[in-house]
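Chain letters run A, B, ... following the sequence lines, proteins first and then strands; every chain starts at 1. Because the structure is predicted, anything quoted here is derived from the model rather than measured. Values below: all heavy atoms of this structure, side chains included; hydrogens, waters and symmetry mates excluded.
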2 protein chains.
Amino acid sequence: MTADNQIMTDKSQHLKDSVSLVNSYHKAAISVDCVIFGFEDEKLKILLIRSDLEQFKGKWSLLGDAIKENEELDNAANRVLLERTGMNDVYLEQFEAFSNPNRHPGGRVITLAYCSLLNIQHHELEITDNELHWHSVKSLKDKDLAFDHKMIIEKCFKWLQKRIQEHPLGFNLLPERFSLRTLQSLYEAILNIELDRRNFRKKFFSMDYLTDTGEYETDVKHRPGKLYAFNFEKYEKNKRKWTGIDF
Amino acid sequence: MTADNQIMTDKSQHLKDSVSLVNSYHKAAISVDCVIFGFEDEKLKILLIRSDLEQFKGKWSLLGDAIKENEELDNAANRVLLERTGMNDVYLEQFEAFSNPNRHPGGRVITLAYCSLLNIQHHELEITDNELHWHSVKSLKDKDLAFDHKMIIEKCFKWLQKRIQEHPLGFNLLPERFSLRTLQSLYEAILNIELDRRNFRKKFFSMDYLTDTGEYETDVKHRPGKLYAFNFEKYEKNKRKWTGIDF
DNA sequence: TCATAATGTGTAAAAAGTACATATTTTGTA
DNA sequence: TACAAAATATGTACTTTTTACACATTATGA
């Protein structure tokens, strides 16, 4: 009996107290960086500001900040976007963590990249401090970015190229009503390919997520095309389960 | 001249020093948690240990630990796996960050879940402290897990179901040589569906990544099937570019 | 030797994807 | 007012992939 109790006690002593355990952990600064894509003039664009760090003087930077005590990562990303641009109705998706110890010149900062796609016309920039504005993604290859932001953007862009084919993400970049030509040029710009107009049309109609608004383009100097809307609800209900096994 | 300089100086003063900036940031503990999948007896399994925290006495837990000073997340995940299981040749992929301020009873700990798939036979557990062993994924629904680990595993499993269809991840779960039946049962177990034997066969042969080893199954009580190997190199060269646009 | 239980191979119909041709509608100009 | 230009809109034939099956083959074990 006593021996048994002794064993029990011994075993309990191996169990750790969680507060002292967490106190023993190394602590690091954590930030979020927002990769915000838009589509304008048939080009994919991204939101950048001038870095306000001495070391990165003149360089462009993603919208980022350190997280606060007890702040969730998702909330931090939304806060950063709100503080920097004035937008507060944007869905941000966690993309990836970057943890190279030398990525920040001021010391160790682990960052979580967040990604979003939005319609530039419907999201006017209310704040434009630090020269906040849209840059075409293609133009970035000649620009020097702060931190590891160039690499983060490249990875995020590749992720976008993949995602846009399996999820109707692209519609977030367009106005509510859009022509099929606009939709096609969106795919062509992001995937950097050319698509056959007629087959593209057939493909999207067969998916049956486009609603005919009955309206037509205006201000075009040729025959105006019909305007469509994307039916997100219908998509959510029917979205592809998949079993194709397709490498 | 003097005015110009004054302006320059003023502007420089707005630029921040990165070290003092990082010092001003809130710091938090960061951990990694490894979600390790295996396949045995036609069942998908996962590696768990008993939690050594008083609060989670008796509950199962993922393999995790806090990261060290200047340790990259990927390295931390590999270290954890090595320390807990003795394995050091495993490819781990970053999955997702979880940052609920209450997820750890000892205080704030943000965790990064890492995921891997491996062949149980080829990765004998050299260390089995804290009752480390394989649990079938299905059996977890009746078990109580420590922290938010149940939710992490569920999310990771859904990710796996998707990934295994677009990437030949599943082959990592199998021995180097395997029968088509084994391969099919792997897909059926993970996706929780039934597939037609003949069409499954046709699909994989048409992908042309399977090498006929010339060997046959042994120890089966029926006609033995041929054993195949997966040609990862060939896959890397030819992998699908994709343009289908498939929601 | 033969029933059983797998493996291995084939084939026909349906669906999806690809490569084009042609008609239609608006703009703008002679 | 007629007509060329430039886009939209629709269609069709061909190819490839997917799906739903049937049938033959080979080892096991009673």
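- Expressed to the nearest 0.5 Å, how far SG of B/Cys156 lies from CE of B/Met151 amounts to 12.0 Å.
- Contacts between residues 213-230 of chain A and DNA chain C, defined by a heavy-atom separation under 4.0 Å, are made by A/Lys221, A/His222, A/Arg223, A/Pro224.
- In this pair, A/His135 and A/Trp60 present their aromatic rings perpendicular. The plane angle is above 60°, beyond the 30 to 60° band.
- At least one side-chain heavy atom of B/Leu73 sits less than 4.5 Å from a side-chain heavy atom of B/Tyr114.
- Atom-to-atom, CG of A/Asp196 to C1' of C/dA16 comes out at 15 Å; the value is rounded to the nearest Å.
- A/Leu195 has its CG atom 11 Å from the P atom of C/dA19, to the nearest Å.
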What pairs of donor and acceptor atoms, side-chain ones from residues 220-232 of chain B against any protein atom, are under 3.5 angstrom apart with sequence neighbours left out?
from, atom 1, to, atom 2, distance (Å)
B/Lys226, NZ, B/Asp212, OD2, 2.9
B/Asn231, OD1, B/Glu233, N, 3.4
B/Asn231, OD1, B/Lys234, N, 3.0

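- Between A/Tyr209 and A/Tyr235, the ring-plane angle classifies as perpendicular under the 30° and 60° cut-offs.
- Residues from residues 198-211 of chain A that place a heavy atom under 4.0 Å from any atom of DNA chain D, listed by number: A/Arg198, A/Arg201, A/Lys202.
- Applying the side-chain contact (heavy atoms from CB on, under 4.5 Å) test to B/Lys150 and every residue at least two apart in sequence or in another chain returns B/Leu145, B/Glu154.
- Take B/Glu215 and apply the side-chain hydrogen bond (donor to acceptor under 3.5 Å, both in side chains) test, not counting sequence neighbours, and it matches B/Arg177.
- As rounded to whole Å, 15 Å separates atom P of C/dA19 from atom CZ of A/Arg197.
- In this structure, the side chains of A/Leu174 and A/Leu186 come closer than 4.5 Å at one or more pairs of heavy atoms.
- Between B/Tyr187 and B/Phe204, the ring center distance clears the sub-6.0 Å criterion.
- Near DNA chain D, defined here as any heavy-atom distance below 4.0 Å, there are no residues from residues 174-193 of chain B.
- Using modelled atom types and a 3.5 Å distance limit, the side chains of A/Ser185 and A/Thr182 yield no donor-acceptor pair.
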